[in-house]
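Okay, so here's the structure we're looking at.
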Amino acid sequence: MLADFFEYDFLRHTFLTGLLIGIIAPLLGTFIVVRRLSLLADALSHVTLAGIAFGLFLDKKFAMGITPLYGGMAFSVLGSIFIEKLRGVYHAYQELAIPIILSGGVGLSLIFISLADGFNTELFNYLFGSVSAVSKQDFLSIAGIAIFIVIIITLFYKELVTLSFDEEHAKVSGIHAKRIHLLFIVLTALVIAASIRIVGVLLVSALMTLPVAASMRLARGFKQMMFLSIVFGELAVIIGLISGYYLSIPPGGTIVMVSIIILLLSIALKRITWKPRKVREA
């Protein structure tokens with residue numbers, strides 16, 4: 001079944017890109033879920049869509065030759081910075097920053113999509129992912145982002161964990177909470193922008209949260225939860241890409257459905273193993 005993915009260049013780029021996304025999306029998603037910022041991915045994904053639509057508009061009207069993916073990355077990073085700024089403005093109601101940016105992203109998306117003459121095949125691929133849309137240039141860009149994210153998380157792992165579980169303790173310990181949080185939210189923006197080619201803008205947040213939700217039912221510690229999240233994410237991406245290719249449907253939908261199946265299985269497994277333990281304790 002994997003023969004085609006190694007025979008053709010565009011499928012090989014898609015498959016390798018999927019493997020990278022299967023690592024970085026759940027990896028950063030673990031911190032997002034623990035910090036109870038699951039809606040952050042939704043907000044930034046809609047801002048990314050605005051950037052993509054803006055890139056399509058420029059290319060359509062002025063033939064500037066700008067890759068929409070880079071427009072999405074730029075908008076996503078800017079959106080992440082604005083979220084952080086708004087968190088400072090609404091200090092007592094920091095969660096307001098997310099729906100504000102989400103609403104702005106939706107509004108800009110509709111405007112730029114209309115200016116770019118509406119929906120087309122390329123925009124559809126960005127919305128729901130595509131098996132054939134990843135070029136060699138896209139793969140190299142995403143590979144660079146993946147390497148950068150892994151390096152940053154490795155260097156600032158202790159700070160990110162401390163900030164995720166106890167922000168007040170992190171500040172007392174001398175950790176620059178604002179800088180680390182800004183770095184974290186920018187990394188989230190980059191992961192979302194990198195993942196849209198495979199999963200699609202509308203479904204990328206699922207790949208960052210569903211594998212983590214499944215691993216939370218089985219893991220006994222944070223590192224184990226992170227490891228299981230990556231395993232579940234890779235399974236979802238590989239099975240989703242293969243089934244999406246052979247069924248001729250967008251891979252984003254199949255990846256999400258596989259993630260949901262994994263989540264349901266983890267919940268069932270937890271109940272099966274928990275009941276005998278409860279009986280033994282009784």
Side-chain angles (χ1 to χ4, degrees), residues 20-21 23-48 50-51 70 72-105 141-195 204-205 207-209 211-212 215-216 219 221-227 229-230 233:
L20 291 175
I21 291 171
I23 294 173
I24 61 175
L27 177 64
L28 207 61
T30 306
F31 293 99
I32 289 176
V33 172
V34 169
R35 300 187 68 177
R36 299 179 182 178
L37 292 173
S38 299
L39 288 178
L40 175 64
D42 278 319
L44 291 179
S45 65
H46 285 80
V47 175
T48 303
Y70 298 142
M73 288 182 182
F75 271 58
S76 186
V77 172
L78 287 174
S80 68
I81 294 173
F82 277 122
I83 286 177
E84 184 61 19
K85 294 296 183 181
L86 287 172
R87 278 167 53 88
V89 172
Y90 296 99
H91 185 71
Y93 304 95
Q94 295 184 3
E95 68 277 3
L96 270 176
I98 294 177
I100 289 173
I101 295 300
L102 190 151
S103 301
S141 299
I142 294 169
I145 291 174
I147 293 171
F148 174 72
I149 288 171
V150 171
I151 291 174
I152 293 299
I153 290 180
T154 302
L155 292 175
F156 294 95
Y157 176 79
K158 291 183 179 180
E159 290 84 351
L160 286 170
V161 171
T162 304
L163 194 60
S164 297
F165 285 98
D166 193 341
E167 188 169 348
E168 294 300 323
H169 175 69
K171 292 178 180 178
V172 173
S173 301
I175 295 175
H176 296 286
K178 289 187 177 180
R179 295 179 184 178
I180 296 298
H181 186 75
L182 178 61
L183 177 63
F184 168 77
I185 204 171
V186 169
L187 290 180
T188 304
L190 290 175
V191 169
I192 290 171
S195 303
V204 64
S205 61
L207 186 59
M208 300 186 73
T209 55
V212 181
S215 66
M216 289 177 70
F222 184 77
K223 288 185 177 181
Q224 189 179 37
M225 182 172 71
M226 184 179 292
F227 173 76
S229 298
I230 294 173

- request: Let me see the working for Leu86 and Leu96 under side-chain contact (heavy atoms from CB on, under 4.5 Å), right down to the final yes or no.
  value: CA-CA 8 Å; Leu86 287 172; Leu96 270 176; over 6 Å; no

Calculate, to the nearest 0.5 Å, the distance between atoms [atom1] and [atom2] belonging to [X] and [Y] respectively.
{"X": "Ile21", "Y": "Ile142", "atom1": "CD1", "atom2": "CD1", "result": "5.0 Å"}
{"X": "Ser38", "Y": "Ile32", "atom1": "OG", "atom2": "CD1", "result": "7.5 Å"}
{"X": "Met226", "Y": "Ile230", "atom1": "CE", "atom2": "CD1", "result": "7.0 Å"}
{"X": "Glu95", "Y": "Ile100", "atom1": "CD", "atom2": "CD1", "result": "10.0 Å"}
{"X": "Thr209", "Y": "Asp42", "atom1": "OG1", "atom2": "CG", "result": "8.0 Å"}
{"X": "Phe184", "Y": "Ile180", "atom1": "CZ", "atom2": "CD1", "result": "11.5 Å"}

query: Who passes ring pair (Phe, Tyr, Trp, His ring centres under 6.0 Å) against Phe75, sequence neighbours left out?
result: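 With neighbours one apart ignored, the set is Phe54.
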
task: Please identify each residue that fulfils ring pair (Phe, Tyr, Trp, His ring centres under 6.0 Å) with Phe156, with sequence neighbours left out.
output: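 Phe156 satisfies ring pair (Phe, Tyr, Trp, His ring centres under 6.0 Å) with no residue once adjacent residues are dropped.
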
Leu40/Leu44 under side-chain contact (heavy atoms from CB on, under 4.5 Å): CA gap, chis, key distance, verdict: CA-CA 6 Å; Leu40 175 64; Leu44 291 179; 4.0 Å; yes

- request: Keeping the roles fixed (side chain from Thr162, backbone from Glu159), state whether a donor-acceptor pair exists under 3.5 Å.
  value: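 Not a single qualifying donor-acceptor pair exists.
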
Whether Ser76 side chain and Met73 backbone form a donor-acceptor pair below 3.5 Å: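 Not confirmed, Ser76 side chain does not pair with Met73 backbone.
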
Contact summary for [X] and [Y], nearest pair of heavy atoms:
{"X": "Gly105", "Y": "Ala50", "answer": "O-CB, 3.7 Å"}
{"X": "Gly79", "Y": "Val47", "answer": "CA-CG1, 4.2 Å"}
{"X": "Met216", "Y": "Met225", "answer": "CG-SD, 3.2 Å"}
{"X": "His181", "Y": "Leu163", "answer": "N-CD2, 4.0 Å"}
{"X": "Ala25", "Y": "Ser195", "answer": "CB-OG, 4.4 Å"}
{"X": "Ile192", "Y": "Met208", "answer": "CG1-SD, 3.8 Å"}

Full working for side-chain contact (heavy atoms from CB on, under 4.5 Å) between Ile98 and Leu37: CA-CA 9 Å; Ile98 294 177; Leu37 292 173; 4.2 Å; yes

task: Could you point out which residue of Ile101, Thr188, Leu182 forms a side-chain contact (heavy atoms from CB on, under 4.5 Å) with Ile83?
output: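 That would be Ile101.
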
message: Which residue is it: Leu28, Leu190, Leu187? I am looking for the one with a side-chain contact (heavy atoms from CB on, under 4.5 Å) to Ile152.
response: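 Output: one option passes, namely Leu187.
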
query: Any idea how Tyr157 and Phe222 line up, ring-wise: parallel (<30°), tilted (30 to 60°), or perpendicular (>60°)?
result: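 Tilted.
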
